[in-house]
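Beneath this line is the structure, given in structure tokens, with notes to follow.
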Amino acid sequence: MAETKREIERKYDAPVADEGFGLPDLSRVAGVSAVIDKGVVDLDAVYYDTVDQRLAAAAITLRRRTGGADAGWHLKLPVSLAEGVRDEIRAPLSDEVPRDLTGLVRSRVREADLVPLMRLRSSRDVRDLTGVDGALLAEVSVDGVRAERLTGGAGAAAWTEIEVELADGGDPAFLGKVEKKLRKAGVSRSAATSKLARALTETGIGPRPPRPAGDPETPADHVLAYVREQRDAIVDLDPAVRRDLPDAVHQMRVATRRLRSALRSYGKILDRAVTDPIGDELKWIAGELGIDRDQEVLTERLTAALDALPRELSAGPVRPRLRTWSRARRSGSRRHLIAVLDGKRYLALLAALDALVDAPPLRAEQPKNALAKAVERDFKRLAGHVEEALAEDPGRARDLALHGARKAAKRTRYAAEVAAPALGDQAKDVGKHAKAIQSLLGEHQDSVMAREALRDLAAQAHAAGESSFTYGLLYGREEALAERAEAELPPLWAKAVS
């Protein structure tokens, strides 16, 4: 079973050759009461990657390490490279890369093999910095590193570096205090983000840097920049979704919707004969992500509504039933989602997105005002949906029409996002109004879904001989919230068209 540790550290280059380097007196760092010599430990790590170094290009490292207290497999995912923050996911030693870890790099690796790329052997001289209460503040190590290339020909390198790793739960500001002392001793921050990155550079097989995209100039440039941004977001969020991190499913779903919407809105720029099949697959994966996300939203909404009720209005085992209902629905959808992300259809979609970015299907003739026309067209489409919804009597038909207007508002908002860098305030204003309408109608749709869930829960409670009073009460409150949203739509829309 893999475990996760948040790692916050800084790396420094030793100011002299390996022999003769010594740390300054770190007991003088503010807050440090003692510097404890923990001795020297020998570490031996083999780093794995694809032959073309897809993990290294994304600042991800995967290694099998022996020696030290944390021997095993370590996968490091960047959180903030600028601040030296990474999540280290650990798994026990084994001969093969653990399945838990291969899943977390699948969006990068796809179906390529993970091979031994580099071997790093380090002699680590460790010191603990502790506070007045004896608690660990940080671990400081001087590492003598020897790197040996295992793939791509012969190559070796050696260097000495200093690592300062913050103790779990420590204040990151403490690292600045240690750095101030190190700088006075002639130590400078390392340019490399990891030992592997330095080893790749010094042995001559570093990952090829991405080609600079340049500033967007044409309408096509703006659309492709947006498409690339959403493709990157999907790939980046994949591991977070697998780890069930907060809001990850929602953010990945939003990226798929943004991308699909852009492909549909800008059919005058990208050939829809090519992009429509990709859009269909984006709709599919958004639906799969939605199974989990919709359940999460529903549970949060119903729990918050129940929390707001006076205790005397909660009749029967409402909370236990809500928890059981939510867990049963979510555990099944969670397993299904991971199976989807491991499937060939999803990998084929990622490959299609790569091809779309690398060889975009640009139409031969593109109007110069394509961005403005697309935003205008989508806004008119939104207007039709809003007017249709307002013409319906309250009830199921209006609910469906308002849901259609909400989707049209999303599309308008995303079209405006694409165009905003080129059109400025004109597109930003459209996007702002579309977002407001989307938010209002999103609240309405959440109420529709909540009422369906409450009917289901009430039926289950009734069948079990429990009171359904509280579910009915919550249903009525949801109905009132929906009516309020419907009443707010006309003035909000009038402001958008004024």
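Using a 4.0 Å cut-off between a side-chain N of Lys or Arg and a carboxylate O of Asp or Glu, R86 and E9 qualify as a salt bridge. A salt bridge links R189 with E179; the closest basic N to acidic carboxylate O contact falls under 4.0 Å. Comment: E88 engages R90 in a salt bridge, judged by a side-chain N to carboxylate O separation of less than 4.0 angstrom. Remark: E111 does not engage R106 in a salt bridge, criterion side-chain N to carboxylate O under 4.0 Å. Taking 4.0 Å as the cut-off between side-chain N and carboxylate O, D244 and R242 do not count as a salt-bridged pair. One finds no salt bridge joining E165 and R10 here, because no Lys/Arg side-chain nitrogen approaches an Asp/Glu carboxylate oxygen to under 4.0 Å. Ion pairing between a basic and an acidic side chain is recognised when a charged N comes within 4.0 Å of a carboxylate O; D354 and R231 show such pairing. With respect to the salt-bridge test (charged N to carboxylate O, under 4.0 angstrom), the residues E443 and R301 qualify. Classification of D143 and R121 as a salt-bridged pair fails, no side-chain N sitting under 4.0 Å from a carboxylate O.
Put simply, the side chain of T61 does not reach to within 4.5 Å of the side chain of L55, judged on heavy atoms. The shortest side-chain heavy-atom distance between L166 and D171 does not fall under the 4.5 Å cut-off. For the pair R6 and V79, the minimum side-chain heavy-atom distance is below 4.5 Å. Residues K5 and D168 form a side-chain contact, since some pair of their non-hydrogen atoms from C-beta on lies under 4.5 Å apart. With contacts defined as side-chain heavy-atom distances shorter than 4.5 Å, the pair V145/T160 does not qualify. Counting heavy atoms from C-beta on, the side chains of V40 and V126 never come closer than 4.5 Å. Proximity of V223 to L263: side-chain heavy atoms (C-beta onward) are nowhere separated by under 4.5 Å. Contact check for V357 versus L353: no side-chain heavy atoms found under the 4.5 Å cut-off.
The CG atom of L356 sits 7.5 Å away from the CG atom of L224 when rounded to the nearest 0.5 Å. From I234, atom CD1 reaches atom CD of E229 across 11.0 Å, with rounding to the nearest 0.5 Å. In this structure, CZ on R260 lies 10.5 Å from OG on S265, to the nearest 0.5 angstrom. Taken from OH in Y48 to CG in L62, the straight-line distance is 8.5 Å, to the nearest 0.5 Å. With rounding to the nearest 0.5 angstrom, the CG atom of L136 is 5.0 Å from the CG atom of D128. Going from atom CZ of R108 over to atom CG of L114 covers 13.5 Å, rounded to the nearest 0.5 Å.
Enclosure of atom NZ in K38 is not indicated, since only 12 or fewer non-hydrogen atoms of other residues, nucleotides or ligands lie within 6.0 angstrom. For K268, the NZ atom sits in a loose shell: 12 or fewer heavy atoms of surrounding residues, nucleotides or ligands are nearer than 6.0 Å. Heavy-atom neighbours of E83 CD from other residues, nucleotides or ligands within 6.0 Å: at or below the threshold of 12. Counting heavy atoms of neighbouring residues, nucleotides and ligands inside a 6.0 Å radius, atom NZ of K181 exceeds 12 of them. In D95, the CG atom is not crowded: 12 or fewer heavy atoms of neighbouring residues, nucleotides or ligands sit closer than 6.0 Å.
If you run side-chain hydrogen bond (donor to acceptor under 3.5 Å, both in side chains) between R243 and each of D100, D87, D238, only D87 comes through. None of R411, R413, R406, K410 except one satisfies the side-chain hydrogen bond (donor to acceptor under 3.5 Å, both in side chains) rule with Q438; the exception is R413.
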Problem - Stepwise side chain to side chain contact (heavy atoms under 4.5 Å, CB included) test for D125 and L23 - result: CA-CA 10 Å; D125 189 359; L23 285 171; over 6 Å; no

Practice task
Please step through side chain to side chain contact (heavy atoms under 4.5 Å, CB included) for the pair L302 and W325, ending with a clear verdict.
Solution key: CA-CA 12 Å; L302 295 177; W325 172 83; 4.1 Å; yes

Handout entry: Evaluation steps, side chain to side chain donor-acceptor pair (under 3.5 Å), between D13 and S188
Key = CA-CA 6 Å; D13 295 331; S188 58; 4.6 Å; no

Handout entry: Trace of the salt bridge (Lys or Arg N to Asp or Glu O under 4.0 Å) decision for K432 with D425
Key = CA-CA 10 Å; K432 180 180 69 175; D425 290 344; over 6 Å; no

Practice task
Show your working on side chain to side chain contact (heavy atoms under 4.5 Å, CB included) between R272 and T275 and close with a plain yes or no.
Solution key: CA-CA 5 Å; R272 289 193 59 171; T275 62; 3.8 Å; yes

Exercise for the section: Test side chain to side chain contact (heavy atoms under 4.5 Å, CB included) on E288 and I291 and set out the steps. Expected result: CA-CA 6 Å; E288 298 290 357; I291 296 172; 3.6 Å; yes

Handout entry: Derivation of the salt bridge (Lys or Arg N to Asp or Glu O under 4.0 Å) call for E163 and K195
Key = CA-CA 10 Å; E163 279 189 9; K195 285 184 173 64; 2.5 Å; yes

Handout entry: Pair R63-H74, side chain to side chain donor-acceptor pair (under 3.5 Å): steps then yes or no
Key = CA-CA 5 Å; R63 72 188 180 199; H74 303 158; 3.0 Å; yes

Handout entry: Check against salt bridge (Lys or Arg N to Asp or Glu O under 4.0 Å), R65 and D70
Key = CA-CA 8 Å; R65 191 168 79 180; D70 61 348; 2.7 Å; yes

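Counting only distance, with no hydrogens or angles, the side chain of R127 and the backbone of I36 share no donor-acceptor pair below 3.5 Å. Checking side-chain atoms of R363 against main-chain N and O of I269 turns up no donor-acceptor pair under 3.5 Å. No donor-acceptor pair closer than 3.5 Å links the side chain of S326 to the backbone N or O of R323. Proximity of a side-chain donor or acceptor of T102 to a complementary backbone N or O of R99 within less than 3.5 Å is detected. Here the side chain of D25 pairs a donor or acceptor atom with the backbone of S27 at under 3.5 angstrom. A donor-acceptor contact shorter than 3.5 Å links the side chain of T412 to the backbone of D378. Between the W159 side chain and the G144 main chain, no donor and acceptor come within less than 3.5 Å of each other. For the pair D49 (side chain) and R54 (backbone), a donor-acceptor distance under 3.5 Å is present. Side-chain atoms of S122 do not come within 3.5 Å of backbone N or O of R124 as any donor-acceptor pair. At least one donor-acceptor pair closer than 3.5 Å links the side chain of S107 to the backbone N or O of V235.
Side chains of Y226 and E417: a donor on one and an acceptor on the other come within 3.5 Å. In this structure, a donor-acceptor pair under 3.5 Å is present between the side chains of D52 and T50.
Contact record, I8 with P172: CD1-CG, 4.4 Å, taken as the closest heavy-atom pair. Here the shortest heavy-atom pairing between A419 and L371 reads CB-CB, 4.0 Å. Minimum interatomic distance between F174 and A30 (heavy atoms only, all atoms of both residues): CE1-O, 3.6 Å.
A cation-pi geometry, defined here as NZ or CZ lying under 6.0 Å from the six-membered ring centre and within 45° of its normal, holds between R345 and W284.
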